[in-house]
Colleague: 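Here it is, the structure in full.
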Amino acid sequence: MSANKLARLSALLAVALLLGFLENMLPPVLPTMPYCRLGLGNVALLLALLWFGLPYAALIALLKCVIIGVFSGAPISILYSLSGSALSLLSSFLLLKLSLNGLPAVSAVGGILHNVGQVMIAMLITKTSAIAYVLIYLSVFGAFAGALTGVIAYFVDRAIPSKEKENEY
Amino acid sequence: MSHNKKNRKSTYSLFRIWDVIVIVVVLLLVALALYFTLSPEKGSRAEVYVSGEKKAELVLSKDAELELNGLKLIVSGGKIWVHSSDCPDKICEKTGKIYKKGQTIVCLPNQVIVRIVGKGEVEAIS
Ligand SMILES: [Zn+2]
């Protein structure tokens with residue numbers, strides 16, 4: 001691994017953690033839906049996916065979920081955020097491979113599936129399907145948050161394109 | 001696509017024609033969410049679940065307080081909310097007051113779900 005790559009990966013993890021913690025401290029975007037988060041830390045995950053591929057993006061996602069989960073004092077939220085991140089990363093990876101969509105759309109689908117994954121785990125944990133209906137709101141929110149993430153990632157990538165892009169999507 | 005990797009700029013675009021499908025899906029989701037939001041059917045009761053098991057049923061027209069699994073629930077003025085909770089994320093508290101059919105309060109750490117259901121005003125047991 002080159003020094004440049006290591007530096008970029010560390011920077012991406014740092015940004016993901018910083019934005020993640022910051023968002024946890026700020027009041028929720030929609031007061032009536034406190035579990036809705038913009039997930040701006042996902043910009044870093046998307047860039048990791050673009051620049052270094054799925055394994056590295058997954059590694060950063062794992063570290064982000066575990067570290068934020070441990071420090072926020074709710075270990076169960078690790079499971080919750082991990083399942084969301086896994087689904088969202090996988091879908092973004094596949095859509096980028098297909099190369100049919102623009103980055104915001106790829107990220108919007110990831111945002112929707114992120115919330116689908118979280119609600120599925122929540123239904124497992126609480127052993128009830130009573131919360132299935134919140135899925136519709138979370139999907140809409142995830143789509144817009146994801147699209148925003150995609151737009152930001154697009155411009156960051158244009159501003160500082162990686163010299164060693166290993167992945168041809 | 002171009003093969004000169006060295007000089008190419010970003011291959012990612014802001015928009016491609018297939019995005020139309022994504023946009024249509026999102027618009028459908030928005031329509032569905034609006035439909036749910038704008039149908040303001042008031043519920044009459046609140047079911048309280050712990051770990052998937054129904055533990056209590058509260059009639060919204062009757063003011064009440066209930067302490068359960070670390071949560072303190074209050075029913076007042078036809079609404080129900082989590083007054084306080086010992087969970088770490090407090091998401092249940094922040095959810096606020098609910099009263100429409102289908103609305104839920106979820107406390108993931110304590111595995112509690114409060115859900116509004118409709119009808120059945122008559123079966124109010126006191
Ligand atoms: Zn709670």
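Convention: sequence-line order gives letters A, B, ...; per-chain numbering from 1.
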Colleague: Give a yes or no on this: more than 12 heavy atoms of other residues, nucleotides or ligands lie within 6.0 Å of atom OH of B:Y49.
Modeller: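 Enclosed.
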Colleague: Find the distance between CD (B:E53) and NZ (A:K127) and round it off to the nearest 0.5 Å.
Modeller: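 Interatomic distance, B:E53 CD to A:K127 NZ, rounded to 0.5 Å: 9.0 Å.
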Colleague: Applying a strict under-4.5 Å side-chain criterion to I, L, V, M, F, W and Y, I'd like to know whether A:L49 and A:L95 cluster together.
Modeller: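 Yes; A:L95 is reachable from A:L49 via cluster members.
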Colleague: Near A:F21 CZ, under 6.0 Å, is it more than 12 heavy atoms from other residues, nucleotides or ligands?
Modeller: yes
Colleague: Which residues in residues 81-92 of chain B have any heavy atom closer than 4.5 Å to a heavy atom of chain A?
Modeller: B:P88, B:I91
Colleague: Please report the shortest heavy-atom distance between A:L100 and B:R16, naming the atom on each side.
Modeller: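 Closest heavy-atom pair between A:L100 and B:R16: O-CB, 3.2 Å.
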Colleague: Considering only heavy atoms, which portion of B:V30 lies under 4.5 Å from any heavy atom of chain A: side chain, backbone, both, or neither?
Modeller: both
Colleague: Check for me, please, whether A:L50 and A:I160 land in the same ILVMFWY cluster - side-chain distances under 4.5 Å, paths through other members count.
Modeller: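 Cluster IDs for A:L50 and A:I160 match.
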Colleague: Are B:V112 and B:V117 linked, directly or through other ILVMFWY residues, by side chains that come within less than 4.5 angstrom of each other?
Modeller: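 Shared cluster, no.
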Colleague: Is A:L98 close to chain B through its backbone or its side chain, or both, or neither, when contacts mean heavy atoms under 4.5 Å?
Modeller: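 No part of A:L98 comes within 4.5 Å of chain B.
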Colleague: Passes side-chain contact (heavy atoms from CB on, under 4.5 Å), A:V140 versus B:V26? Steps please.
Modeller: CA-CA 7 Å; A:V140 169; B:V26 172; 5.8 Å; no
Colleague: What distance separates B:L108 CG from A:I125 CD1, expressed to the nearest 0.5 Å?
Modeller: 4.5 Å
Colleague: Let me confirm one number: the OH-CG distance from B:Y12 to A:L96, rounded to the nearest 0.5 Å.
Modeller: 7.0 Å
Colleague: Is there a donor-acceptor pair under 3.5 Å between the side chain of B:D19 and the backbone N or O of A:A105?
Modeller: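 No, the answer is negative, given that no donor and acceptor are paired below the 3.5 Å cut-off.
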Colleague: May I ask you to test the B:L14-A:F155 pair for a side-chain heavy-atom distance under 4.5 Å?
Modeller: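 Yes; the side chains approach each other to less than 4.5 Å.
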Colleague: Same cluster or not: A:L47 versus A:F52, using hydrophobic residues (I, L, V, M, F, W, Y) connected whenever any side-chain heavy atoms lie under 4.5 Å apart?
Modeller: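 Hydrophobic grouping puts A:L47 with A:F52.
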Colleague: Measure the spacing between CG of B:L29 and CG of A:L138 and express it to the nearest 0.5 Å.
Modeller: 11.5 Å
Colleague: Output, in order, the C-alpha distance, side-chain angles, deciding distance and verdict of side chain to side chain donor-acceptor pair (under 3.5 Å) for B:T37 and A:Y137.
Modeller: CA-CA 9 Å; B:T37 313; A:Y137 294 100; 3.1 Å; yes
Colleague: Which residue out of B:K97, B:Q111, B:E47 racks up the most heavy-atom pairs below 4.5 Å with chain A?
Modeller: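 Option with the greatest count: B:Q111.
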Colleague: Using the test salt bridge (Lys or Arg N to Asp or Glu O under 4.0 Å), find all partners of B:K72 that sit at least two apart in sequence or belong to another chain.
Modeller: B:E65
Colleague: Please say whether more than 12 non-hydrogen atoms of neighbouring residues, nucleotides or ligands are located less than 6.0 Å from CD1 in B:I17.
Modeller: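 No, the 6.0 Å shell around CD1 holds no more than 12 heavy atoms from other groups.
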Colleague: Mind checking whether A:L113 and A:M120 sit in one hydrophobic cluster, side chains of I, L, V, M, F, W, Y counted as touching below 4.5 Å?
Modeller: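 A:L113 clusters together with A:M120.
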Colleague: Return the minimal non-hydrogen interatomic distance between B:S13 and A:P104, and the atom names on each side.
Modeller: O-CD, 3.8 Å
Colleague: At a 4.5 Å cut-off on heavy atoms, which part of B:E93 comes close to chain A: side chain, backbone, both, or neither?
Modeller: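 Interface part for B:E93: neither.
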Colleague: Are B:F15 and A:N101 packed together at the side-chain level, in the sense that at least one heavy-atom pair is separated by less than 4.5 angstrom?
Modeller: no
Colleague: Can you name the closest pair of heavy atoms from A:I136 and B:A33 and give their distance?
Modeller: CG1-N, 3.9 Å
